[in-house]
Engineer: 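Just passing along the structure, written as C-alpha cells.
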Amino acid sequence: MKTWRIQPCTSKTLAALYGVTEKAFRTQLKPLEGKIGKKHGYLYTVKQLMIIFDEYCTPAGIEIIYPDAIPVRKRGNVYRGAGNHSDAGGLMI
C-alpha cells in the first residue's frame with residue numbers, strides 16, 4: 001500500500017491518486033463544490049482535501065497521512081505605530 005502525506009495539491013494530482021482523468025475528477029466533485037469552496041489559485045488546501053476525502057472517499061490502495069494539526073494564521077494585536085498609546089511620544093524606529 002502506498003502512502004501519501006496530505007498537502008496542498010492540484011486537481012491533476014488528485015485525479016492521478018484516484019486513477020481517473022482530471023476532467024472526470026472535476027465532474028465527480030461538482031456536487032461537493034458548496035462544501036469544498038473555491039481553490040486558492042491552482043491548489044486545494046489541506047482543509048479542502050480533508051473534506052474531499054471525508055465526503056467523497058479516499059483513493060483505493062493509498063494510505064493518507066493526515067497532519068497532526070492544521071496551522072492557523074493568527075493576526076495578533078501587533079503594535080504598528082503611535083496610535084492611541086500615551087507612551088508613544090515620538091517616532092519609533
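These values consider heavy atoms only, across backbone and side chains, with no hydrogens, waters or symmetry-generated copies.
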Engineer: With side chains defined as the heavy atoms from C-beta onward, is the minimum distance between P59 and I64 less than 4.5 Å?
Structural biologist: yes
Engineer: With a 3.5 Å distance limit and no angle check, can you tell me whether Q48 reaches the backbone of K38 through a side-chain donor-acceptor pair?
Structural biologist: yes
Engineer: Atom NZ of K23 and atom CD of Q28: how far apart are they, to the nearest 0.5 Å?
Structural biologist: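 It is 13.0 Å, given to the nearest 0.5 Å.
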Engineer: With rounding to the nearest 0.5 angstrom, report the OH to OG1 distance, Y42 to T13.
Structural biologist: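 These two atoms lie 13.5 Å from each other.
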Engineer: Taking all non-hydrogen atoms of both residues, which atom of M50 and which atom of I6 are closest, and how far apart?
Structural biologist: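 Nearest pair, atom of M50 first, then I6: CG-CD1, 3.7 Å.
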Engineer: Shortest non-hydrogen contact from T45 to H40?
Structural biologist: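 It is CG2-CD2, 3.1 Å.
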Engineer: For Y44 and L29, which heavy atoms make the closest approach, and how far apart are they?
Structural biologist: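 Heavy atoms only, the tightest pair is OH-CD1, 3.7 Å.
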Engineer: Do L49 and Y66 have side chains that get closer than 4.5 Å, going by heavy atoms?
Structural biologist: no
Engineer: Please tell me if the side chains of S11 and K39 come closer than 4.5 Å, counting only heavy atoms from C-beta onward.
Structural biologist: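 Yes, their side chains come closer than 4.5 Å.
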Engineer: Would you say T10 and L43 make side-chain contact, with heavy atoms under 4.5 Å?
Structural biologist: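 When only atoms from C-beta onward are counted, L43 and T10 do touch, with a gap below 4.5 Å.
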Engineer: Within the 4.5 Å heavy-atom criterion, are L14 and Y56 side-chain neighbours or not?
Structural biologist: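 SC-SC contact between L14 and Y56 ruled out.
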Engineer: Quick one, I36 and I52 - any side-chain contact, counting heavy atoms below 4.5 Å?
Structural biologist: yes
